[in-house]
Amino acid sequence: MTVPARSAPGSVKGYLSDRIERWRTGLFEGQLAVLTALASVTILMTIVSLLNYEWMPITTYVIPMLLGTLALQFRPLLALAILTGLCVMATLALVGLTNVRITEVIALVIAASIVLYESSQRRSGLPGALGELMLVDLKDRLQSQSLIPSLPEGWRAQSSMLSAGGANFAGDFMVASLSEDEQYLEMVLVDVCGKGVSAGTQALQFAGALGGLIGALPPLGLFAAANDFLMRQHWDDGFATAVHVLVNLRTGDYSIINAGHPPALHWVSSMDQWEVDGARGTALGILPRPEFDVTTGRIGWGDALMFYTDGVVESHSQDFTEGIEKLRISARTVVQDGFADASKRIIAGIEAGDDDRAVLILSREL
């Protein structure tokens, strides 16, 4: 049977897709494909330059190098730089040297040196674009653990987070777990020491550790294991605050463990106000055997629990206690209109500061 002619484009498309996927996974074949493409562009530029130097002066040779910075690891990038140097030498041998061309060569050498130095200093060994893709992919995988499972009828959980400076990586994160019989909901809100991107990588590691343990250990055991994890890391700012809540979704009974975190707030609909929870404890990663208080209570119909990070209540213009009282007042106004998008509305009403902010609300609605 004769193969239709239209299958050829599909084969080319399949080959290109395979090369791109191999590049995304950091394989040698992907790097070789990119290097071949950029080398071909450099050679083509050399041919054009030899035909008419005004169309393709030496300074344009920096374009493949800059593209290589985004897509190539150090060794392939070095090979491209060597090829570029040979092409420049061949071009100058035929078109001759002038003062302007000498200046162009110096500028190209400086640019290539900066590009190679930056590539050699990457600790991951990955090119810029690929390194960011893998980091974002890791962040997305870990943040999937922060998604609150679908809850039984009558329950609603919502969260909102804003990082300092609007960065995509922050030190605040949450992990959640719902038991198979949908009776128990377990959530942990964490604030890793630091702000914005500086705390982002530590938060990613810690989120992975907690995400694998939540639901598998009892609450106190979970915090003990989390504390041991942070003690082993030896980070410069190696501590974190956290609050844990375990809720029986059939009865509304709950328990809260607090590790140096701002106190939880309990919305009591019959009193029309937010009550401050009394759980206290030592932040994780400071002492080998920290102590934690456990408080218990019940979420009645129309009630809610709210958890938040210190960026919500602390700023240069107000202290911790003042911030909590201000939050109680503003959150009371918000939930009197209902709990729909309450976490977003609360976050939106907070003055922007230099710390990450997160709000988590669990409500039991009539």
Side-chain angles (χ1 to χ4, degrees), residues 143-161 172-191 207 210-226 241-271 273-281 284 292-309 312 327-328 331-332 334-335 338-344 346 358-366:
Q143 284 192 343
S144 65
Q145 298 174 117
S146 299
L147 297 178
I148 301 172
S150 179
L151 301 180
E153 185 178 357
W155 291 94
R156 174 187 292 185
Q158 55 185 294
S159 64
S160 295
M161 297 187 182
D172 298 346
F173 69 88
M174 182 194 72
V175 292
S177 174
L178 181 65
S179 62
E180 292 185 3
D181 60 3
E182 297 188 345
Q183 180 176 355
Y184 294 99
L185 173 66
E186 196 170 353
M187 298 186 294
V188 182
L189 180 62
V190 181
D191 183 0
L210 277 181
L213 295 175
I214 189 171
L217 294 175
L220 287 174
L222 175 65
F223 267 29
T241 65
V243 60
H244 174 284
V245 60
L246 177 63
V247 184
N248 185 325
L249 297 178
R250 295 178 184 173
T251 65
D253 294 333
Y254 69 83
S255 65
I256 292 176
I257 303 175
N258 193 313
H261 209 74
L265 297 181
H266 183 189
W267 173 254
V268 184
S269 57
S270 61
M271 301 174 62
Q273 66 180 8
W274 291 97
E275 293 291 322
V276 180
D277 183 76
R280 302 292 186 273
L284 303 173
F292 308 111
D293 292 333
V294 181
T295 58
T296 59
R298 173 169 293 183
I299 307 174
W301 295 104
D303 293 354
L305 289 175
M306 178 166 64
F307 309 92
Y308 51 93
T309 56
V312 175
L327 175 63
R328 290 181 63 209
R332 178 177 180 271
V334 167
V335 300
F339 285 96
D341 295 324
S343 62
K344 292 181 180 179
I346 291 172
V359 171
L360 167 64
I361 298 178
L362 175 67
S363 57
R364 191 179 189 185
E365 302 179 3
L366 296 171

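Counting begins at 1 with the first residue of the sequence.
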Where Trp301 and Ser269 come nearest, the two heavy atoms and their spacing: O-OG, 3.5 Å

Would a 4.5 Å heavy-atom cut-off, applied to side chains only, mark Leu189 and Met161 as touching? yes

Side-chain touch Tyr308/Pro262, heavy atoms, less than 4.5 angstrom: yes

How close do Val188 and His244 get, counting heavy atoms only, and between which atoms? CG2-CD2, 3.4 Å

Under 3.5 Å donor-acceptor, Glu182 side chain and Pro152 backbone: no

Tightest non-hydrogen contact, residues Ala342 and Gln158, listed as N-OE1, 2.9 Å

Could you give the distance from CD1 (Ile346) to CE (Met306), rounded to the nearest 0.5 Å? 4.5 Å

Using the side chain to side chain contact (heavy atoms under 4.5 Å, CB included) rule, take Gln273 and Val268 through it: C-alpha gap first, then chi angles, then the decisive distance, then the call. CA-CA 6 Å; Gln273 66 180 8; Val268 184; 5.6 Å; no

Arg156 side chain near Leu151 side chain, heavy-atom distance below 4.5 Å: no

In terms of ring plane angle, is the pair Trp267 and Trp274 parallel, tilted or perpendicular, where the classes change at 30° and 60°? tilted

Closest heavy-atom contact between Ser160 and Lys344? OG-CG, 3.1 Å

Within the distance-only criterion (no hydrogens, no angle test), does the side chain of Ser363 pair as donor or acceptor with the backbone N or O of Ala304 below 3.5 angstrom? no

Value rounded to 0.5 Å, distance of CZ in Arg280 from CG in Asp293: 8.5 Å

Taking all heavy atoms of Leu210 and all of Ala226, pick out the closest pair and write down the distance. CD2-CB, 3.8 Å

Value for OH (Tyr184) from CZ (Arg250), rounded to nearest 0.5 Å, stands at 8.0 Å

Taking side chain as C-beta onward, heavy atoms only, is Leu249 less than 4.5 Å from Leu178? yes

What distance separates Asp277 CG from Phe307 CZ, expressed to the nearest 0.5 Å? 7.5 Å

Give the intermediate values and the outcome of side chain to side chain contact (heavy atoms under 4.5 Å, CB included) for residues Trp155 and Ile299. CA-CA 10 Å; Trp155 291 94; Ile299 307 174; 3.9 Å; yes

Is the shortest heavy-atom distance from the side chain of Leu265 to the side chain of Val276 under 4.5 Å? yes

To check you understand the geometry: which heavy-atom pair defines the closest contact between Phe292 and Ala259, and what is its length? CE2-CB, 3.6 Å

Going by heavy atoms in the side chains, are Thr309 and His261 under 4.5 Å from each other? yes

To the nearest 0.5 Å, what is the distance between CG on Leu362 and NE2 on His266? 10.0 Å

Tell me, do Leu360 and Val243 make a side-chain contact under 4.5 Å, heavy atoms counted? no

Please determine whether side chain to side chain contact (heavy atoms under 4.5 Å, CB included) holds for the pair Leu220 and Val294, giving the CA-CA distance in whole Å, both sets of side-chain angles, and the decisive distance to 0.1 Å. CA-CA 9 Å; Leu220 287 174; Val294 181; 4.2 Å; yes

Is there side-chain contact between Asp303 and Arg364, with heavy atoms separated by less than 4.5 Å? no

Rounded to the nearest 0.5 Å, what separation is found between the CG atom of Asp172 and the OG1 atom of Thr241? 8.0 Å

